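Note that the numbering runs from 1 along the sequence shown for the chain. The structure presented is a predicted model; accordingly, all values stated were derived computationally and were not measured.
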Amino acid sequence: MKKIFTLAVLTLFGALSMQAQNITINKTDGSKITVSAAEIQSIEFTPATVETIAGKYKGNNSLMVGGVMGPYVANGVTYTVEQNQDGSINLTSSVEQYLGTDMGDLTLGSYTIKNIVYNETSKNYKRDYGKDGVTVHFKSVANGQVGFDADYTFNEGSNVTVTKESDGTLRIVNSFMMGRMPFGITGTFSGKK
């Protein structure tokens, strides 16, 4: 099929070279390339190499509560990214522990945010998942006493941004509220495969 297409293109350019001296290629960035038809020996179309974001990333997640309390850090946690056929991604966190916070020792269970869509303008993946019904198990222990120990749903307005940096670092900014929590939380994860 590739040979037939290349032959058809060459035939077309052969016919065009009788009429036109130059071929102009208009690129998506607005620039143009102009070459003489006589200079073209062949044209080949090859599939673009696309680096996948999918994989397991290990790093640290840092939480800020209400923008002023923290940062509270969970070290050595893993986030898993799955690539969907439509180009969106699913993001799964690991169980994370935050020790010595103002609420005591906290455990945030694993959760999955699905269908995070790529944003061409900002060059990263974004999703407002507050209406998706995503739940997480949250437990707090202070002075040996359990304060919270239940499943909570992320509230409306919870959103996530996933960015793959040029050095391979995965950066996740997850801003959320859950249950009747009075303050918003922002988690910032940074990790590598």
Side-chain angles (χ1 to χ4, degrees), residues 24-33 45-98 101 106 108-138 151-193:
T24 301
I25 300 170
N26 296 310
K27 296 175 66 178
T28 57
D29 65 2
S31 63
K32 293 181 180 183
I33 299 173
F45 292 88
T46 57
T49 303
V50 178
E51 182 186 350
T52 180
I53 193 172
K56 293 181 183 254
Y57 297 82
K58 188 170 184 176
N60 302 328
N61 197 34
S62 176
L63 295 184
M64 289 295 295
V65 180
V68 293
M69 292 179 277
Y72 306 115
V73 180
N75 296 305
V77 297
T78 301
Y79 278 71
T80 303
V81 178
E82 291 179 316
Q83 193 101 35
N84 299 318
Q85 286 188 351
D86 65 0
S88 67
I89 59 171
N90 299 338
L91 178 68
T92 302
S93 73
S94 60
V95 175
E96 300 173 1
Q97 291 191 320
Y98 300 90
T101 76
L106 309 179
L108 194 62
S110 177
Y111 57 91
T112 299
I113 303 168
K114 295 183 178 180
N115 305 315
I116 307 168
V117 179
Y118 190 73
N119 184 302
E120 282 290 346
T121 304
S122 58
K123 304 296 183 197
N124 52 25
Y125 294 84
K126 294 184 175 190
R127 181 162 184 88
D128 183 336
Y129 64 93
K131 295 181 181 179
D132 293 355
V134 178
T135 60
V136 64
H137 192 85
F138 176 69
D151 291 337
Y152 295 90
T153 301
F154 288 104
N155 296 346
E156 197 169 321
S158 296
N159 61 81
V160 66
T161 301
V162 180
T163 306
K164 182 83 175 277
E165 306 286 354
S166 59
D167 67 353
T169 300
L170 188 74
R171 181 177 166 82
I172 302 167
V173 178
N174 186 17
S175 299
F176 61 91
M177 288 183 71
M178 54 190 187
R180 296 183 180 179
M181 179 182 300
F183 300 110
I185 295 176
T186 299
T188 304
F189 172 82
S190 181
K192 289 191 173 184
K193 286 184 180 179

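Side-chain atoms of S110 come within 3.5 Å of backbone N or O of S93 as a donor-acceptor pair. Put simply, the side chain of D86 gets close to the backbone of S88: a donor and an acceptor are under 3.5 Å apart. Formation of a donor-acceptor pair under 3.5 Å by the S158 side chain with backbone atoms of Y129 is not found in this model. At distances below 3.5 Å, at least one donor-acceptor pair connects side-chain atoms of K193 with backbone N or O atoms of A54. Put simply, the side chain of D167 gets close to the backbone of T169: a donor and an acceptor are under 3.5 Å apart. Under a 3.5 Å cut-off, the side chain of N115 and the backbone N or O of I89 do not form any donor-acceptor pair. With D128 contributing its side chain and G130 its backbone, the two residues share a donor-acceptor pair below 3.5 Å. Between the side chain of N60 and the backbone N or O of G76, at least one donor-acceptor pair lies under 3.5 Å.
Taking K56 as the reference, T78, T80 meet the side-chain contact (heavy atoms from CB on, under 4.5 Å) condition, with sequence neighbours excluded. The ring-ring contact (aromatic ring centres under 6.0 Å, His included) test applied to Y98 returns no partner, not counting sequence neighbours. Scanning for side chain to side chain donor-acceptor pair (under 3.5 Å) contacts around Y72 gives D102, with sequence neighbours left out.
For T135 against T153, the heavy-atom pair with the smallest separation is CG2-OG1, 3.4 Å. Heavy atoms only, all atoms of each residue included: S175 and T186 are closest at OG-OG1, 3.4 Å. Across all their heavy atoms, K114 and D132 have their closest contact at O-OD2, 4.5 Å. Here the shortest heavy-atom pairing between K123 and Y118 reads CA-OH, 3.2 Å.
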Does the pair I113 and F154 meet the rule for a side-chain contact (heavy atoms from CB on, under 4.5 Å), with working shown? CA-CA 11 Å; I113 303 168; F154 288 104; 6.0 Å; no

Using the rule given for side-chain contact (heavy atoms from CB on, under 4.5 Å), can you reason through F183 versus M69, listing the C-alpha separation, both sets of side-chain angles and the distance that settles it, and then say yes or no? CA-CA 10 Å; F183 300 110; M69 292 179 277; 3.9 Å; yes

I'd like to know whether N124 forms a side-chain contact (heavy atoms from CB on, under 4.5 Å) with N119, so could you lay out the CA-CA distance, the side-chain angles of the two residues, the decisive distance to 0.1 Å, and finally the verdict. CA-CA 5 Å; N124 52 25; N119 184 302; 4.3 Å; yes

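In this structure, the separation between CD on Q97 and CG on N75 is 11.5 Å, given to the nearest 0.5 Å. Taken from CG in L91 to CZ in R127, the straight-line distance is 12.0 Å, to the nearest 0.5 Å. From I185, atom CD1 reaches atom CE of M178 across 5.0 Å, with rounding to the nearest 0.5 Å. Interatomic distance, I53 CD1 to I116 CD1, rounded to the nearest 0.5 Å: 9.0 Å. For the atom pair CZ (F138) and CG (D151), the distance works out to 12.5 Å, reported to the nearest 0.5 Å. We find the OH-NZ distance between Y79 and K58 to be 14.0 Å, quoted to the nearest 0.5 Å.
Ring-centre distance between F189 and Y57: not below the 6.0 Å cut-off.
Using modelled atom types and a 3.5 Å distance limit, the side chains of N174 and Y111 yield a donor-acceptor pair.
Using a 4.5 Å cut-off on side-chain heavy atoms (C-beta onward), N90 and T92 make no contact. With contacts defined as side-chain heavy-atom distances shorter than 4.5 Å, the pair S190/R171 does not qualify.
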